[in-house]
Amino acid sequence: MITLRSDEEIEIIRANGQVLGKTHAEVAKLIRPGITTKELDTVAQTFIKDNGGIPSFLGFNNGTATRFPGALCISVNEVVVHGFPTSYELKEGDIISVDCGVFRNGYHADSAYTYPVGEVALGVRKLLMRTKESLYVGTAKAIDGNRIGDIGYAIQSYTEHFGYTVVRELVGHGVGQSLHEEPQVPNYGKRGQGVKLKEGMVLAIEPMINFGKKGVIQERDGWTIRTSDRKPSAHFEHTVAVRKGKVDTLTTFEYIEAVTAGTSMEIELSAAAAA
């Protein structure tokens with residue numbers, strides 16, 4: 001069942017999106033060669049709890065024997081999503097996807113961002129830049145009267161134009177009182193098909209785009225999903241509310257971009273755009 005949210009509910013999710021954006025920024029400050037992904041997770045957990053929230057992912061049950069062990073899904077290089085925070089030390093040239101959720105006042109907000117670590121190969125920088133651009137191409141279609149297929153088509157056509165591939169097994173979703181709600185929001189599709197979008201729907205739109213083949217493999221831990229060819233994958237996500245005439249983005253990258261402005265991270269991505 002798809003639930004339409006009131007303006008009051010949407011404002012709660014927006015407020016949670018602010019906490020979530022600031023959480024991402026606290027993590028972004030620390031991303032560098034030598035730091036462990038577990039250290040990043042500890043910072044996120046502390047910040048969320050200090051701001052009256054609960055990490056949405058911590059202890060989440062996906063039906064396997066293992067509940068998710070962190071506040072962050074931390075996915076490095078060929079890992080698409082759902083990577084565990086561990087003692088792995090980030091290395092120069094890595095990319096790291098950080099996916100996080102915040103639960104406060106009865107509602108979740110969900111967003112993700114992929115970062116370069118130090119100097120990253122030009123082709124991979126372009127993958128990050130274009131995946132992020134595809135997020136905005138997709139969210140622009142999240143307006144009353146459109147259909148789910150319009151979102152997926154926009155993301156798919158944009159990224160495939162550059163030779164990338166779209167993961168099929170993993171999709172965006174509704175979000176609200178539960179972390180994962182109806183409807184599913186694939187990053188591929190056909191225009192004019194699928195569920196009709198109505199004002200008050202709240203959706204997590206999250207392109208997961210591979211540098212190589214679209215196939216993925218789930219690791220034995222029951223969570224970690226990587227590319228089948230072990231080539232890099234990028235992931236960006238916003239939570240949005242469907243409105244009439246325009247999208248209403250409830251999460252924010254503003255705080256991340258304030259941290260990365262003028263840093264090597266921003267310079268690397270700017271160089272990718274110019275190349």
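The shown structure was predicted, so the numbers you read here are calculated from the model rather than taken from an experiment. Any value given below was found using the heavy atoms of this structure, including those in side chains, with hydrogens, waters and symmetry copies removed.
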### Message
Treating Trp223 as the side-chain partner and Thr66 as the backbone partner, does any N or O pair qualify as donor plus acceptor under 3.5 Å?
### Response
yes

### Task
Using only heavy-atom distances, determine whether the side chains of Tyr255 and Glu26 contain a donor-acceptor pair under 3.5 Å.
no

### Short side-chain to backbone donor-acceptor contact, Asp110 and Ile205, under 3.5 Å
no

### Task
Determine yes or no for a side-chain-to-main-chain donor-acceptor pair under 3.5 angstrom, with Asp94 supplying the side chain and Lys91 the backbone.
yes

### Task
Under the side chain to side chain donor-acceptor pair (under 3.5 Å) rule, what do Ser111 and His24 come out as? Steps first, then yes or no, please.
CA-CA 9 Å; Ser111 70; His24 273 287; 3.0 Å; yes

### Task
Flag yes if more than 12 heavy atoms outside Lys198 fall under 6.0 Å of its NZ atom; otherwise flag no.
no

### Distance, nearest 0.5 Å, that separates CZ of Arg104 from CD1 of Ile12
9.5 Å

### Task
Kindly indicate, with the supporting measurements, whether the criterion side chain to side chain donor-acceptor pair (under 3.5 Å) is fulfilled by Asn187 and Tyr153.
CA-CA 7 Å; Asn187 297 304; Tyr153 176 83; over 6 Å; no

### Message
If we ignore hydrogens and angles and just use 3.5 Å, is the side chain of Arg32 paired with the main-chain N or O of Leu30 as donor and acceptor?
### Response
yes

### Query
Aromatic rings Phe236 and Phe253: how do their planes relate, parallel, tilted or perpendicular, breaks at 30° and 60°?
perpendicular

### Task
Could you tell me whether the side chains of Thr249 and His238 share a donor-acceptor contact shorter than 3.5 Å?
no

### Message
Less than 4.0 angstrom from a charged side-chain N to a carboxylate O is my criterion; do Asp248 and Arg14 meet it?
### Response
yes

### Task
Could you verify whether a donor N or O on one side chain and an acceptor N or O on the other, from Arg168 and Tyr188, lie under 3.5 Å apart?
no

### Message
Around atom CZ of Phe57, are there more than 12 heavy atoms from other residues, nucleotides or ligands closer than 6.0 Å?
### Response
yes

### Task
Would you please test Phe68 and Phe84 for ring pair (Phe, Tyr, Trp, His ring centres under 6.0 Å) and show each step?
CA-CA 8 Å; Phe68 194 79; Phe84 288 178; 5.5 Å; yes

### Query
If you measure from CG on Leu250 to OG1 on Thr139, what distance do you get to the nearest 0.5 Å?
11.0 Å

### Message
Between His235 and Ser75, is there a side-chain donor-acceptor contact under 3.5 Å, judged purely by atom types and distance?
### Response
no

### Message
Could you tell me if Glu39 and Thr36 have a donor-acceptor pair between their side chains, going purely by distance under 3.5 Å?
### Response
yes

### Task
Can you establish whether the number of heavy atoms outside Arg191 located under 6.0 Å from its atom CZ is more than 12?
no

### Message
What I want to find out is whether Lys214 reaches Asp229 closely enough, with some N-O distance under 4.0 Å, to be called a salt bridge.
### Response
no

### Query
For residues Ser233 and Asn210, is any side-chain donor paired with an opposing acceptor at under 3.5 Å?
yes

### Query
Can the positive tip of Arg67 be found less than 6.0 Å from the middle of the six-membered ring of Phe60, inside 45° of the ring normal?
no

### Message
Strictly distance-based, threshold 3.5 Å: is any side-chain N or O of His82 a donor or acceptor partner for the main-chain N or O of Arg226?
### Response
no

### Message
Less than 4.5 Å apart, side chain to side chain, heavy atoms only: is that true for Arg130 and Ile209?
### Response
no

### Message
Under 3.5 Å, is there a donor on one side chain and an acceptor on the other for Tyr113 and Lys132?
### Response
yes

